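Keep in mind the model is a prediction, meaning the values are calculated, not measured. Count residues from 1 along the sequence.
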Amino acid sequence: MKRRKIVVAAGFCVSFFLGTLMNLLFIPGFEHHQNHPDRVHRLYRAQQQQQQQQQQQQQERLADDMRLQIGNSAAAPAAAVAAVEGNLEATTTSQRQADLQQQIQERYEEVLRYRRHQASWTGAGDPVRPLERRRLMDLAQRHSWDSNRGAEKPGGRLSHLASLHSQPQRDVAPNPGSGNSTRPLGCSSIDNVSSVQYLGSGYTKAVYKVVLNSSLSVALKCVDFGGHDMENCVKKYGSVEDCYRLASFKIVKEMTLMERLQHPNVLKLYGYCYQDSSEVADTVTAITELGSPLEMIQLLQTSWEERFRICLSLARLLHYLAHSPLGSVTLLDFRPRQFVLVQGELKVTDLDDASPGESTCSGPEDCIMEFPARTFTLPCHQGHCLGISEKRNLYNAYRFFFTYLLPHSAPPTLRPLLDKIVNATGELIWGVDETLVHLENVLHLYKTGLYLQNSTQMHRTGGYTRVPNASIAGENYRCWPSYQHESCLLSVFSVREAIDVCESHAQCRAFVMTNQTTWTGHQLVFFKTGSASLSPSPGKIVYLRLSG
């Protein structure tokens, strides 16, 4: 029984196995659902991959679109910024051009204001021909913006002067009604200059010494292409021609003021020339009187009489500027370098920073003058600072000249008067008029010998032997201040003063009265240690000291 059940179960198993095998082998065409799960998963994965690829492509397209949009959105502002920057640059350039032209116009109008005043020709010297209005208009109105030339580095100072004689030149005929007996100098006058010497330059101008016709030495003033004024302007505005025009009006202004301010202590204008250079068309060159620059250290070593002459010249100049045809004129750039000496006379040479008229004000707080050591407040009268121009000039004269040159080594009887002048100008107690009156009084006392009347010095010697038409070649000693460094050469009013000087020097045993006089009429005298080299010399007189 048990065996039968086992056999039946085994048969059933075999049958099931055979049936299953037959289904697998002989019923192709029909696939049971459970027979392709991997294929379903493969299809799903393929669909997923396709969907993922499509999604990735879409994402890539979206990303590309976004990048394109971002790129376009970034490019648009960049283009806009570039356009704005271009507009700003163009606007800035235009504004700079307008600013430069405005400055040129203002300087041009300033010159015209000075020219509208009628000059009163009371000064010494022959007035030169009036400056041409047409040339002023040419300088003011020519517009040429040349950035390429503006970027070039101009040549040295001498290159511009050299080009003056190789370019077209245009002389200006003298004014027929001026009454000049001597033809003013012009372009033809500087065709054949010789001995060209560079003297120096300032903020705007370069100055050269030249010799005309191998006889007359003059100064030529022109715009310094390598100067601070031109370099800064070209760097900012980029136009050599317009920057030159702006700078050249300083020279034109200076020439105009030289025409209007005719005075012995204002440098003479001999003429001028308009001509082309290698860098700029229609340049202007002023031809002026030649002077020697002031060297304060050397001035301190000169005689008191020469130093007094400089101070008196300056006071006369300031008096004239306070009452000039243009009104009260102030020298804004007041330094020794703005003056020169011409045969011992002080003359102002730099007038491009001169300013006619008083400063406007609404109260005393607008009339403050500040100097390194002092500050002054002047009254405001009818909208103008009362006397500010002449007082500024006067205080500058005190601090640069009077305090150093006036009192030292002056005749003892004149020192109290000179000290009073120095103190009064240093405190601005006096104006220019009073200062000049006191200096002229000192000159009168000195020229007439009245300063010697109070001399109480007693002669320590029994007398001197007078030897006419004689001189002493050697026997020199040094004294201070002397007209010559290697000897003792002083000026005296009379023989009496010469005796006083000789007796005040321990080494003096003789002196020689020369036949030369100074600007005050005083005689030049050599003081000697002895008379061993006594020799004949017509016109001179030797005084020999008999005993000591």
Side-chain angles (χ1 to χ4, degrees), residues 96 99-111 114 131 136 139-140 150 152-161 163-164 197-209 219-258 261 266-267 269 272 277 279-280 282-296 321 329-340 347-356 370-372 389 392-393 396 399-400:
R96 288 178 177 174
D99 178 48
L100 182 56
Q101 294 300 327
Q102 178 66 26
Q103 293 183 51
I104 294 174
Q105 183 67 22
E106 288 174 355
R107 288 193 181 176
Y108 165 68
E109 292 173 353
E110 182 184 22
V111 172
Y114 302 150
L131 298 173
L136 296 178
L139 287 173
E152 293 176 359
K153 176 69 175 177
R157 295 184 177 94
L158 291 175
S159 63
H160 171 59
L161 186 61
S163 69
L164 295 180
Q197 179 182 354
Y198 168 72
L199 296 180
S201 61
Y203 191 87
T204 304
K205 302 185 295 290
V207 183
Y208 301 87
K209 174 186 175 182
L220 300 185
K221 291 187 176 184
C222 53
V223 173
D224 186 0
F225 280 83
H228 189 272
D229 204 355
M230 278 292 292
E231 283 191 346
N232 281 1
C233 181
V234 173
K235 190 175 181 180
K236 182 175 182 180
Y237 298 108
S239 173
V240 171
E241 291 190 1
D242 286 295
C243 286
Y244 175 86
R245 191 150 40 254
L246 181 65
S248 68
F249 270 108
K250 285 193 173 183
I251 295 181
V252 176
K253 173 186 174 182
E254 187 167 86
M255 291 193 299
T256 303
L257 290 177
M258 285 181 177
L261 303 176
V266 175
L267 203 70
L269 177 66
Y272 57 92
S277 75
E279 290 137 322
V280 173
D282 213 18
T283 64
V284 60
T285 301
I287 309 171
T288 72
E289 189 176 16
L290 180 67
S292 57
L294 288 181
E295 299 291 343
M296 294 303 293
L321 293 180
V329 178
T330 181
L331 302 177
L332 297 178
D333 189 6
F334 197 116
R335 291 173 295 171
R337 63 178 297 178
Q338 309 300 329
F339 300 88
V340 294
K347 299 196 177 191
V348 61
T349 179
D350 212 334
L351 289 172
D352 56 4
D353 289 314
S355 177
E370 293 183 330
F371 297 97
S389 293
R392 179 181 285 114
N393 288 341
N396 279 325
R399 70 191 187 106
F400 285 116

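- Looking at every heavy atom in both residues, Leu269 comes nearest to Ile287 through CD1-O, 3.6 Å.
- The distance from the OG1 atom of Thr204 to the CG atom of Asp352 is 6.0 Å, given to the nearest 0.5 Å.
- The CG atom of Leu267 sits 8.5 Å away from the CG atom of Leu290 when rounded to the nearest 0.5 Å.
- Taken from CD in Glu231 to NZ in Lys236, the straight-line distance is 16.0 Å, to the nearest 0.5 Å.
- Taking every heavy atom of both residues into account, Ser201 and Arg337 meet most closely at O-NH2, 3.5 Å.
- Remark: side-chain polar atoms of Lys250 are not paired, donor with acceptor, to backbone N or O of Val223 under 3.5 angstrom.
- Residues Ala354 and Leu331 approach most closely at CB-CD2, 4.1 Å, considering heavy atoms.
- Not a single salt bridge (Lys or Arg N to Asp or Glu O under 4.0 Å) links Asp99 to another residue, sequence neighbours left out.
- Looking only at side-chain heavy atoms (C-beta outward), Met258 and Tyr272 stay at 4.5 Å or farther from each other.
- Looking only at side-chain heavy atoms (C-beta outward), Asn396 and Phe371 come within less than 4.5 Å of each other.
- The backbone N or O of Met230 sits nowhere less than 3.5 Å from a side-chain atom of Asp224 that would complete a donor-acceptor pair.
- Note: Lys209 NZ to Ser292 OG = 10.0 Å, rounded to the nearest 0.5 Å.
- The minimum heavy-atom distance between Pro336 and Leu294, with the atom names listed, is O-CD1, 3.6 Å.
- Classification of the Tyr244-Phe225 ring pair by plane angle, with boundaries at 30° and 60°, yields parallel.
- Residues Val329 and Leu351 are not in side-chain contact: their nearest non-hydrogen atoms beyond the backbone lie 4.5 Å or more apart.
- Side-chain contact between Leu321 and Ser389 is absent, with no heavy atoms from C-beta onward closer than 4.5 Å.
- Proximity of Leu246 to Leu100: side-chain heavy atoms (C-beta onward) are separated by under 4.5 Å at one or more points.
- Note: Tyr203 OH to Asp333 CG = 12.0 Å, rounded to the nearest 0.5 Å.
- Nearest approach of Thr285 to Cys222, heavy atoms of both residues: OG1-CB, 4.2 Å.
- In this structure the side chain of Glu254 never reaches within 4.5 angstrom of the side chain of Thr288, judged on heavy atoms.
- To the nearest 0.5 Å, atoms CD1 (Ile104) and SG (Cys243) are separated by 7.5 Å.
- Smallest separation of non-hydrogen atoms from Val234 and Ser239: CG2-O, 4.2 Å.
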Derivation of the salt bridge (Lys or Arg N to Asp or Glu O under 4.0 Å) call for Lys205 and Asp350: CA-CA 10 Å; Lys205 302 185 295 290; Asp350 212 334; 3.0 Å; yes

